[in-house]
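See below for the structure under consideration.
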Amino acid sequence: MKILAILLAVTLHGQVTYDRLLNAPKDPTNWMTYSGGYAGWRYSGLDQINRENCKGLKVKWVYQMKTTHVVETTPLVIDGVMYFTEPPSNVVAVDAETGREYWRYRRAMPQKVNVCCGQVNRGVAVLGDQVFAGTVDAHLVSLDAKTGAVLWDIEIADYKTGHSITVAPLIVKDMVITGIAGGEYGIRGFLDAYDAKTGKRRWRFWTVPGPGEKGNDSWSGESWKTGGAPTWVTGSFDAEQNLIIWGTGNPSPDWNGDSRRGDNLYSDSAIALDADTGKLKWYHQFVPHDVHDWDAVQVPVLVDDDWEGQPRKLVYWAHRSAFYFVLDRETGRFLMGKPFATQTWAKGLDENGRPIPLPNTDPSPEGTYIWPGVQGATNWYSPSYNPLTKHFYLATWENRSVYRKGEQEYSPGNRYIGSVPLIDLPDEPGYGAIRALNPKTGERIWEYKLLTKPWAGVLTTAGRLLFGGSDEGYFFALDAESGKELWRQNMGGIIRANPISYLSKGKQVVAIAAGNAIFTFERQ
């Protein structure tokens, strides 16, 4: 029976070439990268499910995972086969039509792994007949797409010092691009490229520059050695300019910046790297010398459009600090910035997009109350851009936190955070929302309020729908133009993942991880 399943997988699965990945948005029958395409839109060109008929959505199949960890995976679907990660670091391939398992890679984990926010994994990448996944013990593995057999397994960094991989890799040409997590453990962050066939490292870009490197003087003393700036969410790729555009995380320690005076480059930044060499082409730091843990690990959204009457290559970026940014994709130049949620920490942005902090907004021993809260006005979960509505969509938090400053000594493998803030205030729970923005102005077009603060990304489609999820366990469809709720389903578990859509036997399917399962829906 197992041999039959493998043979069926071989029949269904075609070669995933770099050219196919480049043209993924033109093939909405599949979902071949973390964001559905290199531009980070998380948009499906399928329209069988639309505003008129989405009320008829019914469960197609459910795959129950063998895990008790939080599931944050984005499945990939390629030629009838669905690939996804099962936390902490397993990989599963199933029939995208029925959910029947073809194979399952089980990774043996060390007894103790230091991970900030749960032993999670956000997905895989596929090239040729290989499936690539990072592991929470900081390895990158290549698996045979037909059988799940290990082709190579390399150590990226030492997990004992707080390094881990939770990011879904990104294929660029014949390379596997992966980031690293561990900003709460005082790692020195980096972004890596590996040869897909051999696993040999092609280049590494250190997100905390060392002595002699540009930006090292933005770190006082030897604080760069434990500077953080991890790269734990998948970035985007501009093939025309050969630029990998990726977000970096917080500097370490998180809430006490006394030991790391300076701007702390390239933490909390958008970085643009030459894909062949890993050399920095430009950067924009959203929050210099961050002491609020406001990572810039959001997915960059790349759009070509007019700006002030001229064609321009743009980056849309809703940052955790509650400011929405527009950057020039060729130069990194700041074009526009505006709050998209409540913030009380900055007077505004200067002409270069650098925030102008207000007095008495840093963490303090007695506690400082600030909007947005520690988890930010948005976080790692994906936004979406719809080319039909030309709106930018995102999940948003409205709450404040108490930021406390404490002492912290660095000890390898232990937390290096400089205190623990009060993330949620019992008498002020705040709320969540899905918001649509005009990406040219940052103005809010509509809002769909949620009772709790969401950890799920959004998907938009050619059917002019938006799909999203909530911590209450609801998977829902909204009118992408008005924000009106059109359909929802209680999934019986929290949703902390990103939805996708694909075609199976000629019918559109929508899928998302909820609780400890993958759910798929189609119109009956």
Side-chain angles (χ1 to χ4, degrees), residues 42 57 59 62 64-65 67-75 84-88 115-123 166 232-233 293-295 297-299 318 320 322 340-342 371-384 393-401 421-436 446-460 466-478 483 485-500 510-521:
R42 199 162 286 273
L57 283 173
V59 173
V62 180
Q64 293 289 345
M65 296 191 191
T67 184
T68 57
H69 296 282
V70 174
V71 178
E72 296 183 357
T73 188
T74 290
F84 53 87
T85 49
E86 173 190 80
V115 184
C116 153
C117 311
Q119 294 191 28
V120 299
N121 190 290
R122 297 183 181 88
T166 59
W232 53 276
V233 170
D293 190 25
W294 288 332
D295 304 63
V297 289
Q298 297 76 47
V299 175
R320 188 166 167 175
F340 65 88
T342 304
W371 278 268
V374 171
Q375 299 299 342
T378 194
N379 207 304
W380 63 268
Y381 30 85
S382 293
S384 178
Y393 304 88
L394 76 162
T396 305
W397 286 34
E398 284 285 358
N399 79 318
R400 68 173 180 164
S401 291
L422 185 58
I423 295 175
D424 289 309
L425 308 182
D427 56 338
E428 293 183 43
Y431 70 92
I434 307 298
R435 286 177 178 161
W446 56 254
E447 173 182 84
Y448 172 77
K449 282 192 174 183
L450 297 165
L451 180 64
T452 55
K453 300 178 286 292
W455 285 92
V458 293
L459 163 79
T460 61
L466 177 144
F467 289 93
S470 72
D471 254 29
E472 302 116 83
Y474 285 104
F475 187 39
F476 50 79
L478 311 179
E485 182 185 290
L486 302 176
W487 170 86
R488 71 172 178 171
Q489 172 71 50
N490 192 303
M491 310 290 278
I494 61 172
I495 303 177
R496 297 195 170 181
N498 299 309
I500 68 164
V510 180
I512 194 167
N516 300 116
I518 300 288
F519 288 81
T520 61
F521 294 84

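Atoms considered below: every heavy atom in the structure, side chains included; atoms not considered: hydrogens, waters and symmetry mates.
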Inset, instruction - Could you tell me which non-hydrogen atom of Ser382 sits nearest to which non-hydrogen atom of Val299, and how far apart they are? - result: OG-CG2, 3.8 Å
Legend entry - Least distance between heavy atoms, Phe521 atom then Val59 atom: CE2-CG2, 3.5 Å
Inset, instruction - I would like to know whether Phe84 and Ile518 meet side chain to side chain contact (heavy atoms under 4.5 Å, CB included); could you show each step before the answer? - result: CA-CA 9 Å; Phe84 53 87; Ile518 300 288; 4.1 Å; yes
Inset, instruction - Determine the minimum heavy-atom distance between Leu478 and Leu486, stating which atoms define it. - result: C-CD1, 4.1 Å
Inset, instruction - Run the salt-bridge test on Lys449 and Glu398 with the 4.0 Å N-O cut-off and return the result as yes or no. - result: no
Legend entry - Steps toward salt bridge (Lys or Arg N to Asp or Glu O under 4.0 Å) verdict (Glu72, Arg496): CA-CA 5 Å; Glu72 296 183 357; Arg496 297 195 170 181; 5.8 Å; no
Legend entry - Polar side-chain atom of Ser401 near backbone of Val374 as donor-acceptor pair, under 3.5 Å: yes
Inset, instruction - Tell me, with the steps shown, if Trp397 and Trp455 meet ring-ring contact (aromatic ring centres under 6.0 Å, His included). - result: CA-CA 9 Å; Trp397 286 34; Trp455 285 92; 5.1 Å; yes
Legend entry - Asn379 side-chain N/O to Arg320 backbone N/O, donor-acceptor pair under 3.5 Å: no
Inset, instruction - Consider only side-chain N and O atoms of Thr460 and Arg42, and report whether a donor and an acceptor are under 3.5 Å apart. - result: no
Legend entry - Nearest-0.5 Å distance that lies between atom CH2 in Trp446 and atom CG in Leu466: 5.0 Å
Legend entry - Close side-chain approach of Glu428 and Asn399, heavy atoms under 4.5 Å: no
Legend entry - Asn121 versus Thr85, side-chain donor and acceptor atoms under 3.5 Å: yes
Inset, instruction - Would you name the heavy atoms of Gly493 and Ala514 that are closest together and state the gap between them? - result: O-CB, 4.4 Å
Inset, instruction - Measure the acute angle between the ring planes of Phe476 and Tyr448, then classify it against the limits of 30° and 60° as parallel, tilted or perpendicular. - result: tilted
Legend entry - Nearest atoms (heavy-atom pairs only) where Pro499 meets Leu459: CG-CB, 3.7 Å
Inset, instruction - Indicate whether any N or O donor in one side chain lies under 3.5 Å from an N or O acceptor in the other, for Glu86 and Thr67. - result: no
Inset, instruction - Might you point out which heavy atoms bring Ile500 and Pro75 nearest each other, and give the distance in Å? - result: CD1-O, 3.6 Å
Legend entry - Trp380 CH2 to Cys117 SG distance, which is reported to the nearest 0.5 Å: 11.0 Å
Inset, instruction - Walk me through it: do Gln298 and Thr378 pass the test side chain to side chain contact (heavy atoms under 4.5 Å, CB included)? - result: CA-CA 8 Å; Gln298 297 76 47; Thr378 194; 4.2 Å; yes
Inset, instruction - Nearest 0.5 Å please: distance from the OG1 atom of Thr396 over to the CZ atom of Phe340. - result: 5.5 Å
Legend entry - Nearest-0.5 Å distance, OH of residue Tyr474 to CD of residue Gln489: 9.5 Å
Legend entry - Close side-chain approach of Met65 and Val71, heavy atoms under 4.5 Å: yes
Legend entry - CD on Glu472 to CZ on Arg488, rounded to 0.5 Å: 8.0 Å
Inset, instruction - Could you tell me whether a side-chain N or O of Lys453 sits under 3.5 Å from a main-chain N or O of Pro429, the two making a donor and an acceptor? - result: yes
Legend entry - Inter-residue atom distance Trp487.CH2 - Phe467.CZ, 0.5 Å rounding: 6.5 Å
Legend entry - Test item: Asn498 side-chain N/O and Thr74 main-chain N/O as donor-acceptor pair under 3.5 Å: no
